[in-house]
Student: 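Sharing a structure below in structure tokens format, with a few things to ask.
Every chain is numbered from 1, with letters handed out A, B, ... down the list of sequences. Treat the numbers as computed from the prediction; the structure is a model and nothing was measured.
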Number of protein chains: 2
Amino acid sequence: MKLGQGVEWGLHSCVSMSWTPPGEAVSSARLAEFYKLPAAYLNKQLQALVRAGILTSVSGPRGGFSLARRPDRISVLDVVLAIEGKEDSFRCEGILKNAPGWGMDADYARTCLISQTMRHAEVTWRTELSRQSIAGIAHSIERRFPQARAETVRELVGPRTP
Amino acid sequence: MKLGQGVEWGLHSCVSMSWTPPGEAVSSARLAEFYKLPAAYLNKQLQALVRAGILTSVSGPRGGFSLARRPDRISVLDVVLAIEGKEDSFRCEGILKNAPGWGMDADYARTCLISQTMRHAEVTWRTELSRQSIAGIAHSIERRFPQARAETVRELVGPRTP
DNA sequence: GGGATCTTACTCGGATAGCCTGTGTCCGAGTCTGAAAGG
DNA sequence: CCTTTCAGACTCGGACACAGGCTATCCGAGTAAGATCCC
């Protein structure tokens, strides 16, 4: 059970974009330069967030990505599922269907108690992540690191600082 | 975030072995035939459980695998971690170390609030899985499918039924 | 000077390779069983 | 009949291929900004 890097990148990018002024898009090149990440690959991950309706994208100069809705309406779970996929982590192949003496041919996921256990654990995991929003994380960061927001905005908007 | 098949196989195998009489080992070939799984690969997964101290293995005729301790002392989390590895699912590469204006060079995992959020969610997930034991699942199955235990034992121990 | 046009540079988006972790298979070392042989 | 020996077959364990997905990169379509030209 391993999550891809794109999750971390997507979450940090969303937090940063929650600080930039509305209407101002941030290009993936800017974000990549800020975080020292490969620009094209970061762009690819952000595309997944666009497909999920979390971000909006604009092409051309002064283009880039912006949050598609208010950051308090974007949960951490939304970002995770957008990048990792919405499928359950525990793939239940229903091996008991092949075992003799069980006779469970359909509706396996609800019958197999092991599958139920794994599913319940994942529900708690998802619930925990859905409780946290991008705005909540951003506010916590602002409280803990007062200079973080201003520094981030300075690097992401305005003229490029070579 | 995807778990390997070995988790499902390992859990079902442990539940089945909690039913077989103590001292009687079950070979991976028997289990594989029962569940219609590739025998060699199932063997490989069970090896991981042996390395984790969950199972004990005996070579030779009448050999196979057995639970290393009482099934109420084996949690679902033990099996999951034995097969998937003990590392956290959210790999925090600490991209903020490279971002300017943050000055967090060490102890990143405890400082970054995004990492904290992901870690907390995973802790709840692991806690949920650690609450469920192999014995608990086995008892629930026995209550719901009274014939399951006898049928499983019949197929896994005693002479082979061609 | 003001407006239309055109170049230009910048951005996303998808298509294209490389690598690394599962997935699946195979063969050898070790060992217990069971039969056979001998006393 | 009991003990010893021995061959045999069965099992785990690790070493060996294969595949799919994550990682990383490149180039083209589209667009808005800014310069240029004309009125």
Side-chain angles (χ1 to χ4, degrees), chain A residues 1-10 13 17 23-33 35-52 54-66 68 80 82-85 87 89-91 93 95 156-157 159-160, chain B residues 1-10 13 17 23-33 35-52 54-66 68 80 82-85 87 89-91 93 95 156-157 159-160:
Chain A
M1 162 154 162
K2 219 171 44 181
L3 278 71
Q5 296 282 175
V7 174
E8 184 182 9
W9 301 0
S13 298
M17 280 186 273
E24 293 276 333
V26 181
S27 73
S28 61
R30 272 294 185 77
L31 284 165
E33 190 184 7
Y35 290 124
K36 303 287 188 303
L37 298 176
Y41 190 32
L42 174 61
N43 193 358
K44 189 179 182 58
Q45 305 286 5
L46 296 182
Q47 283 175 29
L49 298 180
V50 172
R51 274 190 291 271
I54 297 173
L55 300 182
T56 56
S57 61
V58 179
S59 281
R62 307 273 302 171
F65 297 93
S66 328
V80 171
I83 291 179
E84 287 290 315
E87 312 85 32
S89 65
F90 182 71
R91 296 170 295 165
E93 296 279 338
I95 65 177
L156 292 182
V157 302
R160 219 141 187 181
Chain B
M1 162 153 163
K2 220 172 42 182
L3 277 71
Q5 295 283 173
V7 174
E8 184 182 8
W9 302 359
S13 298
M17 279 186 274
E24 293 277 334
V26 181
S27 74
S28 61
R30 272 293 184 78
L31 284 165
E33 189 184 7
Y35 291 125
K36 304 286 188 303
L37 298 176
Y41 191 31
L42 174 62
N43 192 359
K44 189 181 181 59
Q45 306 287 4
L46 295 183
Q47 283 176 29
L49 298 181
V50 173
R51 274 190 292 270
I54 296 173
L55 299 182
T56 56
S57 61
V58 179
S59 280
R62 308 272 302 167
F65 297 92
S66 328
V80 172
I83 292 178
E84 287 289 315
E87 312 85 31
S89 64
F90 182 71
R91 296 169 297 165
E93 296 280 337
I95 65 176
L156 292 182
V157 301
R160 220 143 189 177

Student: What is the separation between atom CG on A/L42 and atom C1' on D/dT25, rounded to the nearest whole Å?
Tutor: 14 Å
Student: Please list, for nucleotides 28-32 of chain C, all pairs of protein and nucleotide N/O atoms separated by less than 3.5 Å.
Tutor:
unit_1: C/dG30; atom_1: N2; unit_2: B/G60; atom_2: N; d: 3.4

Student: Report the residue (B/S28 or A/L3) whose heavy-atom-nearest nucleotide on DNA chain D is the more 5′ of the two.
Tutor: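 Its nearest nucleotide lies further toward 5', so the answer is B/S28.
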Student: Tell me the interatomic distance from B/L46, atom CG, to D/dG13, atom P, rounded to whole angstroms.
Tutor: 9 Å
Student: Please state how far atom CD in B/Q47 lies from atom P in C/dG24, giving the value in whole angstrom units.
Tutor: 16 Å
Student: State whether A/R30 places a side-chain N or O below 4.0 Å from either non-bridging phosphate oxygen (OP1 or OP2) of C/dC10.
Tutor: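 False: A/R30 side-chain N/O out of range (4.0 Å or more) of C/dC10 OP1/OP2.
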Student: Reckon B/Y41 has a side-chain N or O less than 4.0 Å from the OP1 or OP2 of C/dT25?
Tutor: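 It does not, given that no N or O in the side chain of B/Y41 lies less than 4.0 Å from OP1 or OP2 of C/dT25.
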Student: Is any side-chain heavy atom of B/L37 closer than 4.5 Å to one of B/Y41?
Tutor: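 No, every pair of side-chain atoms sits at 4.5 Å or beyond.
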Student: When you compare the side chain of A/L55 with that of A/M17, does any pair of heavy atoms fall below 4.5 Å?
Tutor: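 A side-chain contact exists here, since the closest heavy-atom pair is under 4.5 Å.
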Student: How close or far is atom P of D/dG13 from atom CZ of B/R51, stated in whole angstroms?
Tutor: 8 Å
Student: Compare all side-chain heavy atoms of A/L46 with those of A/V50 and state whether any distance is below 4.5 angstrom.
Tutor: no
Student: Within the structure provided, determine whether B/P38 and B/W9 are in side-chain contact (heavy-atom separation under 4.5 Å).
Tutor: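 Yes - at least one pair of side-chain heavy atoms lies under 4.5 Å apart.
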Student: Strictly below 4.0 Å: does B/R91 bring a side-chain N or O up to OP1 or OP2 of C/dT21?
Tutor: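 It does not, given that no N or O in the side chain of B/R91 lies less than 4.0 Å from OP1 or OP2 of C/dT21.
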Student: Looking at side-chain heavy atoms only, is the closest gap between B/E8 and A/R91 below 4.5 Å?
Tutor: no
Student: State which of C/dG24, D/dT25, C/dG13 makes the closest approach to the side chain of A/S57.
Tutor: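 Of C/dG24, D/dT25, C/dG13, C/dG13 is nearest to the side chain of A/S57.
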Student: Between B/L156 and B/R30, which heavy-atom pair has the shortest distance, and what is it?
Tutor: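 Closest pair (atom of B/L156, atom of B/R30, distance): O-NH1, 2.6 Å.
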Student: When the distance from CZ of A/F65 to C1' of C/dC10 is rounded to whole Å, what number comes out?
Tutor: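 Distance, rounded to whole Å: 13 Å.
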Student: The side chain of B/N43 lies closest to which of these nucleotides: C/dT21, D/dG13, C/dT25?
Tutor: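 Between C/dT21, D/dG13, C/dT25, the one nearest the side chain of B/N43 would be D/dG13.
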Student: What is the separation between atom CD on A/E84 and atom C1' on D/dT23, rounded to the nearest whole Å?
Tutor: 13 Å
Student: Between B/K44 (NZ) and C/dG22 (C1'), how many Å, whole number?
Tutor: 10 Å
Student: Considering non-hydrogen atoms only, spot the tightest contact between B/A25 and B/R62 and give its length.
Tutor: CB-O, 4.1 Å
Student: Report the distance from atom CD of B/Q5 to atom P of D/dG20, rounded to the nearest whole Å.
Tutor: 14 Å
